[in-house]
Amino acid sequence: MQADHIIFMGYSLPPDDVAYRAFFSARCQRARKPDEFVPRCSIVGWDQGHLDWYGPAVLDSWSLPKDGVIQAARDIFGKQNVRFYGGGAPNIFLDDAGNATQDKLKQLLEWS
């Protein structure tokens with residue numbers, strides 16, 4: 001409940017997973033208080049046509065499936081608080097030479 005950044009990696013946030021949807025929604029509702037903020041959400045998935053990071057503005061231009069993880073996360077966390085990486089794992093951690101790097105991990109963990 002104290003998290004300020006949620007990362008979905010290999011999890012599709014299915015509609016029938018009511019418990020987790022309620023948990024995340026409750027966290028976002030709590031953020032309506034003056035001293036709280038809505039957590040950001042990073043999604044790591046596989047989309048062969050989108051192998052990089054895509055922020056809220058780009059996701060606004062996509063035609064997203066209504067039952068997909070990106071749309072579900074946007075419904076819960078708000079459009080401005082969701083980004084997507086389409087290169088999947090382990091690529092999220094690897095540089096162009098195929099080496100895991102601290103910079104790639106930092107890019108995943110720190111959304112600035």
Side-chain angles (χ1 to χ4, degrees):
M1 279 306 236
Q2 301 297 324
D4 60 0
H5 185 192
I6 308 295
I7 300 171
F8 292 136
M9 189 178 303
Y11 177 64
S12 65
L13 196 60
D16 60 344
D17 194 344
V18 177
Y20 276 102
R21 282 178 178 255
F23 176 82
F24 293 124
S25 293
R27 170 60 177 95
C28 292
Q29 287 297 321
R30 198 178 102 203
R32 305 266 189 274
K33 297 177 183 176
D35 61 335
E36 290 283 336
F37 59 93
V38 175
R40 291 181 166 174
C41 177
S42 295
I43 301 166
V44 177
W46 175 251
D47 185 335
Q48 192 169 4
H50 301 97
L51 299 176
D52 206 349
W53 280 107
Y54 300 91
V58 173
L59 295 178
D60 277 342
S61 69
W62 289 8
S63 178
L64 298 169
K66 292 185 184 204
D67 61 347
V69 64
I70 297 172
Q71 188 59 51
R74 291 177 70 155
D75 290 345
I76 294 169
F77 298 98
K79 290 180 178 184
Q80 71 280 8
N81 295 315
V82 176
R83 67 180 180 160
F84 174 73
Y85 177 80
N91 296 329
I92 186 76
F93 304 109
L94 306 178
D95 63 14
D96 292 338
N99 300 309
T101 69
Q102 287 184 354
D103 288 341
K104 292 297 242 174
L105 181 60
K106 184 176 178 180
Q107 188 177 18
L108 171 64
L109 298 177
E110 297 177 7
W111 181 2
S112 54

Side-chain donor/acceptor pairs under 3.5 Å, residues 5-15, sequence neighbours excluded:
unit_1, atom_1, unit_2, atom_2, d
His5, ND1, Leu109, O, 3.0
His5, NE2, Ser42, OG, 2.6
Tyr11, OH, Asp17, OD2, 2.4

Quiz item: Is Ile43 reachable from Ile92 through a run of hydrophobic residues whose side-chain heavy atoms are each under 4.5 Å from the next?
Solution: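 Not linked; separate clusters.
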Supply the members, apart from Leu51, of the Ile/Leu/Val/Met/Phe/Trp/Tyr cluster built from side-chain contacts under 4.5 Å; use none for a lone residue.
->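 Under the 4.5 Å side-chain rule, Leu51 groups with Trp46.
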I'd like to check the side chain to side chain contact (heavy atoms under 4.5 Å, CB included) partners of [X]; sequence neighbours left out, ordered by chain and number.
X	answer
Trp62	His50, Tyr54, Val58, Leu59, Leu64, Ile70, Phe84
Asp96	none
Gln107	Trp53, Lys104
Ala57	none

Interatomic distance, CG@Asp95 vs CD@Gln102, rounded to 0.5 Å, equals 12.5 Å
For the CZ atom of Phe93 and the CG atom of Leu108, what is their distance to the nearest 0.5 Å?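 Separation between the atoms: 5.5 Å.
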For Pro39 and Phe77, the nearest pair of non-hydrogen atoms, with its separation, is O-CD2, 3.6 Å
Q: Give the intermediate values and the outcome of side chain to side chain donor-acceptor pair (under 3.5 Å) for residues Asp67 and Gln71.
A: CA-CA 7 Å; Asp67 61 347; Gln71 188 59 51; over 6 Å; no
